[in-house]
Chemist: 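Below is a structure I'd like to ask you about.
Naming: A, B, ... by sequence-line order, numbering from 1 per chain. Values below: all heavy atoms of this structure, side chains included; hydrogens, waters and symmetry mates excluded.
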Amino acid sequence: MLENYLPVLIFIAIGIAFGGFMILMGFLLGPRKPDSEKLSAYECGFEAFEDARMKFDVRYYLVAILFIIFDLEIAFLFPWAIVLRDIGMFGFMSMVLFLGILVIGFIYEWKKGALQWE
Amino acid sequence: MLVELIQSFFAGLGWPWGLPEWMQVGLVILAKIVVILVPLMVCVAYLTYAERKVIGFMQVRIGPNRVGFFGKQMWGLGQPIADAVKLMFKEIILPAGADKLLFLIAPVIAMAPALAAWAVIPFGSEMVLADVDASLLYVLAITSIGVYGIIIAGWASNSKYPFISAMRSAAQIVSYEIAMGFALVGVLMAAGSINLGDIVAAQQGGFWQWFWLPLLPLFVIYFISGVAETNRAPFDVAEGESEIVAGFHVEYSGMPFAVFFLAEYANMILISVLASLLFLGGWLSPLEGLLPESVFEITLLGSLLGPGLHWLVVKTLIFLFFYLWFRATFPRYRYDQIMRLGWKVFIPLTIVWILVVGVMIITGTPPWFDVA
């Protein structure tokens, strides 16, 4: 059972090693002639002004928070979806109730303009 | 069979003593990984070639046609190899303001999941490296790690364009992940299993039994979300070369850039394979149920018309062609349009269709859900 995951683990290790190996090859084969102009941040040829790590729109946070709610919902739906045939009508109706509550929340955030980008 | 092959190989090298068991197991797994990885890398290389050729022809150009092998031009078939070699010999620039360690780790984080997801992809009814019970869940989990690569790249570069791009693509990818997750819930309901092999097995019975028909809206939403997840046109605001130059890989050059590129194309192939497995019956033959059973008994023709890896390859190629076709056809979406499509169109649609599928399963709607 758990030994089925051994190839997965080895594959992840190989994936990481492969990426690392390619970058290492780039370092070994490519030239290295850095100068201050070359190493400065790209800003369409201008001298970079102000810090690049600037303030950003709060809506990105909002999307992240909404994502967590909906992703959790999906996590609840996964096991339910697999056993739906066994739990029948009762299982289906309880999930309709659960989804219904979430849809109310979804409509609320929609009306509040949380999904509005301009 | 593979075990004996490896053992006889080591015996041929003058190693008469048998290998210890853990090394045998490890070598067999390694050999299988190489068997998956090498064709995948070739596919990635030639997908870039196909992209340039297909888009070239769609725009009445010829596309790359110079680089060939052995002094012949051969329609430019040597182009991807030449590109790879060129990138390998390019200088790797580490910007002065960048967080050097994160800057180099980011492409690896983007690529490792794109490769590791292939561990559980079944290529035939018994052809799978790791037959894990929750294989679809594993694919979903590991592919969502890829977004960290983009965020870390945007942050570590310490430059404005990558930073903007990282914010955009993070929000975009998580938004479409919800629509994608809901679409997958529909597949799980229809199949009654989360194992990719079982999902394909549940679609047995010919073209009209495949899940694309009962789950048609989910199928369309899954693939469009897949295009958005991989940051491909028309959802490529993360790259948006006309506004933020090249997005999160502005500061990348040489091999780290190539690794990002590889990850993107490996993800495209992964999404296409998953779409074929989940909705188009994977390796099952579309002729099943149309032709009489006896046709599949004929020695060579039967195995060609019957189920097999070649059908999975054909279906995957169709999806990959759609990727390229989209890029040649559609102008880029505006960011607010992307978010509106993800949140206000796809999520309500998928919730409705999940309920429809639920009713179909409870009532046993023929011809898909009548057998328990």
Chemist: Name the region of B:Val357, side chain, backbone, both or neither, that has any atom closer than 4.5 Å to a heavy atom of chain A.
Modeler: neither

Chemist: Heavy-atom distance under 4.5 Å between the side chains of A:Leu77 and B:Phe182, does that happen here?
Modeler: yes

Chemist: Measure A:Phe92 against the heavy atoms of chain B and call it side chain, backbone, both or neither at under 4.5 Å.
Modeler: side chain

Chemist: Checking A:Val83 against chain B: side chain, backbone, both or neither under 4.5 Å from a heavy atom?
Modeler: neither

Chemist: Enter the distance from B:Ile351:CD1 to A:Phe70:CZ here, rounded to the nearest 0.5 Å.
Modeler: 6.0 Å

Chemist: Counting neighbours of CZ on A:Phe98 that are heavy atoms of other residues, nucleotides or ligands and sit closer than 6.0 Å, is the number greater than 12?
Modeler: yes

Chemist: Identify which part of B:Ile105 has an atom lying under 4.5 Å from any heavy atom of chain A, answering side chain, backbone, both or neither.
Modeler: neither

Chemist: B:Phe89 versus chain A, heavy atoms under 4.5 Å apart: side chain, backbone, both or neither?
Modeler: both

Chemist: When heavy-atom pairs shorter than 4.5 Å are enumerated against chain A, which of B:Ile361, B:Thr363, B:Asn158 gives the highest number?
Modeler: B:Asn158

Chemist: Tell me, side chain or backbone of B:Met180 under 4.5 Å from chain A's heavy atoms, or both, or neither?
Modeler: neither

Chemist: Nearest heavy-atom pair of B:Val108 and A:Gly20: which atoms, and what distance?
Modeler: CG2-N, 4.0 Å

Chemist: Once rounded to the nearest 0.5 Å, what's the spacing between atom CG of A:Leu102 and atom CD1 of B:Ile347?
Modeler: 11.5 Å

Chemist: Could you tell me which non-hydrogen atom of A:Ile12 sits nearest to which non-hydrogen atom of B:Ala116, and how far apart they are?
Modeler: CG1-CB, 3.5 Å

Chemist: What's the shortest heavy-atom distance between A:Ile16 and B:Ala112, and which atoms?
Modeler: CG1-CB, 3.6 Å

Chemist: Checking heavy atoms, do the side chain of B:Tyr161, its backbone, both or neither come under 4.5 Å from chain A?
Modeler: side chain

Chemist: Heavy-atom distances under 4.5 Å only: say whether B:Ile362 touches chain A with side chain, backbone, both or neither.
Modeler: side chain

Chemist: Heavy-atom pairs under 4.5 Å with chain A are the metric here; pick the option from B:Ala258, B:Ala96, B:Gly26, B:Ser175 that has the most.
Modeler: B:Ala96

Chemist: Using side-chain heavy atoms (C-beta onward) and a distance below 4.5 Å, is A:Met95 in contact with B:Ile354?
Modeler: no

Chemist: Quick check on A:Phe67: does its CZ atom have over 12 non-hydrogen neighbours (other residues, nucleotides or ligands) under 6.0 Å away?
Modeler: yes

Chemist: Once rounded to the nearest 0.5 Å, what's the spacing between atom CG of A:Leu6 and atom CD1 of B:Ile29?
Modeler: 4.0 Å

Chemist: What are the two closest heavy atoms between B:Leu129 and A:Pro7, and how far apart are they?
Modeler: CG-CB, 3.8 Å

Chemist: Would you mind reporting whether A:Ile14 and B:Leu115 have side-chain heavy atoms less than 4.5 Å apart?
Modeler: no

Chemist: Checking B:Leu136 against chain A: side chain, backbone, both or neither under 4.5 Å from a heavy atom?
Modeler: neither

Chemist: Tell me the closest heavy-atom pair linking B:Ile92 and A:Ile23, and the distance in Å.
Modeler: CD1-O, 3.8 Å

Chemist: So with a 6.0 Å cut-off around OH of A:Tyr61, is the heavy-atom count from everything else above 12?
Modeler: no

Chemist: Taking B:Ala190's backbone N and O only, do any of them form a donor-acceptor pair with A:Arg85's side chain (distance below 3.5 Å, no angle check)?
Modeler: yes

Chemist: Using heavy-atom distances under 4.5 Å, tell me whether B:Leu355 contacts chain A through its side chain, its backbone, both, or neither.
Modeler: both

Chemist: For chain B, which candidate among A:Ala17, A:Gly19, A:Pro31, A:Gly26 shows the most heavy-atom pairs at distances under 4.5 Å?
Modeler: A:Pro31

Chemist: With respect to chain A, which residue among B:Trp155, B:Phe163, B:Trp118 yields the maximal number of heavy-atom pairs within a distance under 4.5 Å?
Modeler: B:Trp155

Chemist: If I measure from the heavy atoms of chain A, does B:Met111 come under 4.5 Å with its side chain, its backbone, both, or neither?
Modeler: side chain

Chemist: Under 4.5 Å from any heavy atom of chain A, what part of B:Lys344 do you find: side chain, backbone, both or neither?
Modeler: both

Chemist: Out of B:Val120, B:Leu87, B:Leu94, return the one with the most heavy atom pairs under 4.5 angstrom to chain A.
Modeler: B:Leu94

Chemist: Which residue out of B:Ile178, B:Val259, B:Val359 racks up the most heavy-atom pairs below 4.5 Å with chain A?
Modeler: B:Ile178

Chemist: Name the option with the most non-hydrogen atom pairs under 4.5 Å to chain B; the candidates are A:Asp86, A:Leu29, A:Leu84.
Modeler: A:Leu29

Chemist: Can you tell me how the ring of B:Tyr335 sits relative to the ring of A:Tyr60, calling it parallel under 30°, perpendicular over 60° and tilted otherwise?
Modeler: tilted

Chemist: Side chain, backbone, both or neither: which part of B:Arg334 has an atom under 4.5 Å from a heavy atom of chain A?
Modeler: neither

Chemist: Main chain of B:Asp131, side chain of A:Asn4: is a donor-acceptor contact present, judged purely on distance under 3.5 Å?
Modeler: yes

Chemist: With only heavy atoms counted, which part of B:Ala191 is less than 4.5 Å from chain A, the side chain, the backbone, both or neither?
Modeler: backbone

Chemist: Chain A: which of B:Glu177, B:Met339, B:Glu91, B:Met189 shares the most heavy-atom pairs with it under 4.5 Å?
Modeler: B:Glu91

Chemist: In Å and rounded to the nearest 0.5 Å, what is the OG1 to CD1 distance from B:Thr350 to A:Ile74?
Modeler: 8.0 Å

Chemist: Just verifying a value: how many Å separate B:Trp343 CH2 and A:Trp110 CH2, rounded to the nearest 0.5 Å?
Modeler: 11.5 Å

Chemist: Please flag which part of B:Val174 lies under 4.5 Å from any non-hydrogen atom of chain A: side chain, backbone, both or neither.
Modeler: both

Chemist: Between A:Leu28 and B:Met88, is any pair of side-chain heavy atoms under 4.5 Å apart?
Modeler: no

Chemist: Which region of B:Leu104, side chain (C-beta onward) or backbone (N, CA, C, O), has a non-hydrogen atom less than 4.5 Å from a non-hydrogen atom of chain A, or is it both or neither?
Modeler: both

Chemist: Rounded at 0.5 Å granularity, tell me how far CZ in A:Phe11 sits from NZ in B:Lys32.
Modeler: 12.5 Å

